[in-house]
**Q** 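For reference, the structure I am asking about is given below.
Residues take their numbers from the sequence shown, with the count starting at 1.
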Amino acid sequence: MIDPILRDAASKMSKSVDHFGSDLATIRTGRANPALIDKIMVPYYGTPTPLNQLAQISAPEPRLLIVQVYDKSQIGAIEKALRTGDQGLNPASDGQVIRVPIPPLTEERRKEFVKLVKQKAEEARVAIRNIRRDEIHRIDQLSKDGGVAEDEVKRGNARLQKVTEGQIEKVDAIAARKEAEVMEV
């Protein structure tokens, strides 16, 4: 009776970890990464559209992104969206492709990004703990309805706690790797 609840909890928690990992991909490091500008919203005929739906983004060099726009009439709008984003980028266009040089980060900016990584890691931990709380409530509800014995509830809660701790360790490991990447000169 408790096993499906634990599998459901593990699935939800791993989705939270995956979301956290993809969220960190948008934080700048010293290297060019297409995920940095993937989700920048561009006004495409009046509709905000993610950049990755309007162009192909590649990183041919460690400090350069190339944006190949599908609809050439949108190069100006994409350039403007890249320039006004919070990444501090200065794109240049030759009419066919947009080149986005990735400037080196200052020490102060690196520390800001590390703070952002820590904040996102804490948000991921809170999300995982909220899932644990909800699943504990479901297990307790089963117990109240008379579906499971008290010691089975305790074992289920202990197994749920182990799953939670494992997922939080994954979040911490991902955050530590990203912090090291951001601070790397």
Side-chain angles (χ1 to χ4, degrees), residues 6-42 48-68 78-92 98-136 158-185:
L6 294 175
R7 280 193 300 273
D8 190 33
S11 171
K12 289 177 183 175
M13 288 179 187
S14 75
K15 286 179 184 173
S16 289
V17 171
D18 293 344
H19 181 266
F20 170 65
S22 65
D23 211 13
L24 284 188
T26 63
I27 296 177
R28 239 181 88 189
T29 59
R31 291 184 289 275
N33 181 354
L36 290 174
I37 60 175
D38 255 0
K39 304 289 187 236
I40 289 180
M41 299 305 269
V42 179
T49 309
L51 179 59
N52 62 358
Q53 293 180 12
L54 299 175
Q56 179 182 349
I57 306 165
S58 60
E61 299 173 23
R63 296 228 182 259
L64 181 69
L65 290 173
I66 300 290
V67 180
Q68 294 176 321
I78 291 173
E79 226 180 317
K80 182 178 179 187
L82 287 168
R83 194 168 279 121
T84 59
D86 63 348
Q87 297 285 351
L89 301 174
N90 190 19
I98 300 172
R99 287 178 179 73
V100 186
I102 305 296
L105 294 172
T106 64
E107 187 68 24
E108 182 180 317
R109 194 78 168 129
R110 287 179 196 278
K111 289 178 181 175
E112 287 176 24
F113 283 139
V114 167
K115 283 181 187 174
L116 186 60
V117 167
K118 289 180 180 185
Q119 176 188 347
K120 288 185 182 293
E122 185 56 33
E123 289 170 5
R125 285 188 213 101
V126 167
I128 289 170
R129 289 186 198 118
N130 286 342
I131 293 167
R132 178 189 61 192
R133 183 196 61 222
D134 294 343
E135 300 307 322
I136 286 175
R159 287 173 49 200
L160 182 61
Q161 181 62 32
K162 284 185 181 173
V163 169
T164 303
E165 289 169 359
Q167 296 296 341
I168 287 177
E169 285 174 9
K170 286 182 184 177
V171 167
D172 292 342
I174 292 170
R177 272 197 312 269
K178 187 65 175 189
E179 285 177 32
E181 213 175 281
V182 168
M183 291 307 290
E184 182 181 296
V185 178

**Q** With sequence neighbours left out, what residues match A59 under side chain to side chain contact (heavy atoms under 4.5 Å, CB included)?
**A** A32, P34, L65
**Q** Any idea which heavy atoms bring F113 and I27 closest together, and the distance?
**A** CD2-CG2, 3.8 Å
**Q** Restricting to non-hydrogen atoms, name the atom on N33 and the atom on A25 that form the minimum distance, rounded to 0.1 Å.
**A** ND2-O, 4.1 Å
**Q** Quick one: side-chain hydrogen bond (donor to acceptor under 3.5 Å, both in side chains) partners of E123, sequence neighbours excluded?
**A** Q119
**Q** Quick check: does any side chain N or O of K178 sit under 3.5 Å from a backbone N or O of V117, one acting as donor and the other as acceptor?
**A** no
**Q** Who are the side chain to side chain contact (heavy atoms under 4.5 Å, CB included) partners of S16, not counting sequence neighbours?
**A** A127, I128, I131
**Q** Given R99, which of V67, N90, L64 fulfils the side chain to side chain contact (heavy atoms under 4.5 Å, CB included) condition?
**A** L64
**Q** Could you list the residues that satisfy side-chain hydrogen bond (donor to acceptor under 3.5 Å, both in side chains) with N130, not counting sequence neighbours?
**A** R133
**Q** Apply side chain to side chain contact (heavy atoms under 4.5 Å, CB included) to P48 and list each qualifying residue two or more places apart in sequence or on a separate chain.
**A** M41
**Q** Rounded to the nearest 0.5 Å, how far apart are CD of E179 and NZ of K115?
**A** 12.5 Å
**Q** Could you tell me the separation between the OG1 atom of T49 and the CD1 atom of I40, rounded to the nearest 0.5 Å?
**A** 13.5 Å
**Q** Less than 4.5 Å apart, any side-chain heavy atom of I57 and any of L36?
**A** no
**Q** For P101 and L89, which heavy atoms make the closest approach, and how far apart are they?
**A** O-CD2, 4.1 Å
**Q** Taking only residues two or more places apart in sequence, or in another chain, which ones meet R159 in a salt bridge (Lys or Arg N to Asp or Glu O under 4.0 Å)?
**A** D3
**Q** Roughly how far, to the nearest 0.5 Å, is CD1 of I136 from CG of L160?
**A** 5.5 Å
**Q** Which donor-acceptor pairs under 3.5 Å do side chains of residues 165-174 form with protein atoms, sequence neighbours excluded?
**A**
residue : atom : partner : partner atom : Å
E165    : OE2  : Q161    : NE2          : 3.1
D172    : OD1  : R125    : NE           : 2.8
D172    : OD1  : R125    : NH2          : 2.8

**Q** Show your reasoning for whether side-chain contact (heavy atoms from CB on, under 4.5 Å) applies to L82 and I98.
**A** CA-CA 10 Å; L82 287 168; I98 300 172; 4.2 Å; yes
**Q** Restricting to salt bridge (Lys or Arg N to Asp or Glu O under 4.0 Å), what partner residues turn up for E79, sequence neighbours left out?
**A** R83
**Q** Quick one: salt bridge (Lys or Arg N to Asp or Glu O under 4.0 Å) pairs with a partner in residues 9-27, sequence neighbours left out?
**A** D8-K12, K12-E135, D23-K120
**Q** According to side chain to side chain contact (heavy atoms under 4.5 Å, CB included), who are the partners of E112, at least two apart in sequence or on a separate chain?
**A** E108, R109
